[in-house]
There are 2 protein chains.
Amino acid sequence: MLKEERFDHIINLLKKENKVSYDQLAGELHVSEDTIRRDIDALYQNGLLSKVRGGAITLAKNPLSFQDRSSHLSEGKEAIALKARQFIKNGQTIFMDGGTTVCAIAASLPLDSNLRVITNNMALIPILSNFNNIEVIVLGGKYNRDTQTNSGLRTIDEAREYIADCYFMGACALHHELGVTSVFNEEASIKRAMISNAKKIIVLGNVEKLSTTEPFRVCDLAQVNVLITDLPSDSDLLDSYRSLGIRLI
Amino acid sequence: MLKEERFDHIINLLKKENKVSYDQLAGELHVSEDTIRRDIDALYQNGLLSKVRGGAITLAKNPLSFQDRSSHLSEGKEAIALKARQFIKNGQTIFMDGGTTVCAIAASLPLDSNLRVITNNMALIPILSNFNNIEVIVLGGKYNRDTQTNSGLRTIDEAREYIADCYFMGACALHHELGVTSVFNEEASIKRAMISNAKKIIVLGNVEKLSTTEPFRVCDLAQVNVLITDLPSDSDLLDSYRSLGIRLI
DNA sequence: TACAAAATTGCATAACTTTGCATAAAAGTT
DNA sequence: AACTTTTATGCAAAGTTATGCAATTTTGTA
């Protein structure tokens, strides 16, 4: 019996019963359980079923195609998004980089916003696609599936070609002495490129990011114009950031 | 007995039985198993059957075509995706451009595929994110929300930085005399850039695209190496494309 | 018709797949 | 926490397939 015929049998049985087990199939097809295990793995690798302990079940029809992951955003991020609105004026050109807070800002924009957004953040694409008057310029590069951003020399090079009215910087750690830091070296370089080509630097940091550091230095806090947090701007937690010439919001 | 007669015999038997084996055919046709093996390989190279260990099965019977996949893509596109699989080998670097057929190919890849995909097609990002061993390189540019692709001078410039083993070209009209054409000028330029930097040009065109044209010329059909359609490769509708040196599948 | 070039064929062999078993690692159960 | 069951991995045997080769057949050309 051909391997493909076994595949066929497995898939048909699965259609009928919604689940199959290794031992049942091994018996029916007169091969060892190992072989069935390998068959089911092959079908799994090709996206035709879901593996479970002891066998397989039909695929959960859960097309992971267009994830608008922005839906499950925390309250803190919504708060930051709301505060960010005051800095966004129609007609502006804006840099946005990685992080879910940036996505929250994009998602909260008025539908008729007229903007040009320049970004390496791929998670922004489905969000910004909803806006008819937002021109999106994608900075290319090697895509990182964890951060959902592009990075590399090309990304930096491209970012340097634009001058933006403001830059919303997400995904970074903030420390009153050690400044702005980031998890990846590449991200840090992109941030620096955006900083040097933006007229106003707006850093987004929820309370968990305050007084923390990451390995890669982006810039001094002195270079930052505005710091938006999810705290009230008179909160004690922000005291160490006052007197740095940053506008705290 | 002529080779063509053997081909006919194989195809007819396949239609009747859905599967054929080397030893069975070798007996029936009084030639060695090697010859049958070569015959079946020739038919496979033309997309007329699926090769399996021990013989061949019809394309429709290939379990990989059982598309209960999350994809709500048309049957034709699935058929093209299945035929495209024979050109994709692990370790390759591949250009892909816009169009839903290209997305169908990406969605049908085995989960453990090891590839580098270079694209301006943003719709590919969520699809390719599911593959741990596919490196995605995004070509930046101005994002077009209708085609879901990036375009512009930057896009072309970046595409030129890479050499790919093959290029899957989607979203184009095909005409036996007027060649490959596209709806937008910008898309056409990107296609040309990819053509000049890819070792093998594979054009995807479902039957609705055949014998049609669009305003912007991409290239002659002579520059195309392979044309994958949703038709069987011996269909009359493809006759005008024969004798152009293209492999029809 | 005769000849050279090209294609086709069957064979030998090397490379690769598949399979079931043994064992180690991981995941559930009590 | 100890035990059982299940799954993954490595291995060797058997089987299958691709490849190069030489012999043969076919094709094209003079």
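Naming: A, B, ... by sequence-line order, numbering from 1 per chain.
The base of C:dG10 lies close enough to the side chain of B:Arg38 for a donor and an acceptor atom to sit less than 3.5 Å apart.
Along DNA chain C, the nucleotide nearest A:Arg53 and the nucleotide nearest A:Ser32 are compared for position; the residue whose nucleotide lies closer to the 5' end is A:Ser32. Each of B:Thr35 and A:Val31 was matched to the nucleotide of DNA chain C holding its nearest heavy atom; the match closer to the 5' end belongs to B:Thr35. Both B:Arg37 and A:Gly55 lie near DNA chain D, and the one whose nearest nucleotide falls closer to the 5' end is A:Gly55.
Residues B:Lys200 and B:Asp165 are not paired through a salt bridge, judged by the lack of any N-O separation under 4.0 Å between the basic side chain and the carboxylate. We find that B:Lys3 and B:Asp39 are not joined by a salt bridge, their nearest charged nitrogen and carboxylate oxygen being 4.0 Å or further apart. No salt bridge links B:Asp41 with B:Arg38; every basic N to acidic carboxylate O contact stays at or beyond 4.0 Å.
Note: CG (A:Asp41) to P (D:dT7) measures 11 Å, nearest angstrom. At whole-Å resolution of the value, CE in A:Met1 and P in D:dT16 are 16 Å apart. When the P atom of C:dT19 is taken as reference, atom CG of A:Leu2 falls 10 Å away, rounded to whole Å. Counting to the nearest Å, the P atom of C:dA27 and the OH atom of A:Tyr22 are 14 Å from each other. Following rounding to the nearest Å, A:Leu29 (CG) and C:dG20 (C1') show an atom-to-atom distance of 16 Å. Between the CD atom of B:Glu4 and the P atom of C:dA7 there is a distance of 14 Å, rounded to whole Å. Per the geometry, CG belonging to B:Leu25 stands 13 Å off P belonging to D:dT17, to the nearest Å. If you take OH of B:Tyr44 and C1' of D:dA18, they are 14 Å apart, rounded to a whole angstrom.
Within the 4.0 Å cut-off from OP1 or OP2 of D:dA18, at least one side-chain nitrogen or oxygen of B:Lys51 is found.
Heavy atoms of other residues, nucleotides or ligands lying less than 6.0 angstrom from NZ of B:Lys51 number more than 12. Residue A:Tyr44 places its OH atom among 12 or fewer non-hydrogen atoms of other residues, nucleotides or ligands, all under 6.0 Å distant.
Checking D:dA18, D:dT6, C:dT19 against every side-chain atom of B:Asp34, the shortest atom distance belongs to D:dA18.
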